[in-house]
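In listed order, ligands and their atoms are each counted from 1.
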Amino acid sequence: MCRLKRFDRSYKIIYNKELSLNYFELKINIAEDVANSCSPGQFFMVRVPGVFLPRPMSIYNVKGNSLGFLYKVVGNGTDILSKIRTGEIQLLGPLGKGYNLKTYENLNYVLVAGGTGIASIYFLAVRLKKQGTLYYGVCSEKDLLCLDNLEKLGWKIVVSTEDGSKGYKGYITDFLSNELKKNTDVVFVCGPTPMLKKILQIARRINVKGFVSLEEKMACGIGSCQGCAIKINGQIKMTCKDGPVFKIEDVEL
Ligand code: FES
């Protein structure tokens, strides 16, 4: 039985503030039943006033009656959103299927985030009972988010930046191959598609299982428009409804 709960209504904005250059946290006051039904890897469709299509946003955090999204200003929609400070905003969600925690949380796992993929991975890191290592790749030091909070939670963070301004210089996937061989059963990943492709190759080569959260463009978020179709295990699936989290062994990128 599908236990997914969907809600399409307006919620009060608690704040919408810039965390660092071009990165914002949007915090919403939501009903308790909505908060309780959110799990890591799920997302909401956020309707930005004046923008035709809603945009998908991964759940970044849930505390009590508040729901947080982390986003980067990358175009007209997010630019308009970043200027809204108060009032209400329309949401649909929580949507999609998230990370499978129950089956895997007693195994040895690592988390991997690329860019704003940290939003989904952060919520996962908060909800996992056991801490481990989180690999986090970004372009430059200014793109790093949540580090203090993750360290306070007990996660060991390994950072790479493409420009070498912090941590290892290069892509996080450049050295992940060796790291994953060390006693890793499962890897949970969220980030841009080129990074996911590389991790799929590595995980298959060294036979590590895991889950990837895909960042596809979405128009409806509920499986109606077919705009987020992807091949999974030889079959066409909808990223929004059947994912966005899929098993590494099933994804064809
Ligand atoms: Fe419409 Fe997935 S976004 S089917």
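At least one N/O/S atom of Cys240, whether from backbone or side chain, sits less than 2.8 Å from atom 2 (Fe) of ligand 1. Among the backbone and side-chain atoms of Cys225, no N/O/S atom is found under 2.8 Å from atom 2 (Fe) of ligand 1.
Centroid-to-centroid, the aromatic rings of Tyr99 and Phe188 come within less than 6.0 Å. Ring centroid separation for the pair Tyr71 and Tyr23 does not come in under the 6.0 Å cut-off.
Proximity to Ala219 (heavy-atom distance under 4.0 Å) selects the following atoms of ligand 1: 3 (S). Listed by atom number, the atoms of ligand 1 under 4.0 Å from Gly223 heavy atoms are 4 (S). Listed by number with element, the atoms of ligand 1 under 4.0 Å from a non-hydrogen atom of Ser224 are 4 (S).
For Lys152 and Asp148, the salt-bridge test fails: no basic side-chain N is under 4.0 Å from an acidic carboxylate O.
If you check the side chains of Asn100 and Lys247, you find no donor sitting under 3.5 Å from an acceptor.
Scanning all protein heavy atoms for the shortest distance to atom 4 (S) of ligand 1 gives Gln226 N, 3.2 Å. Atom 2 (Fe) of ligand 1 has as its closest protein heavy atom Cys228 SG, 2.2 Å.
The two atoms that bring Val208 and Leu180 nearest to each other are CG2-O, 4.0 Å, heavy atoms only.
Among Ile118, Leu147, Val158, the single residue meeting the side chain to side chain contact (heavy atoms under 4.5 Å, CB included) criterion with Leu134 is Ile118.
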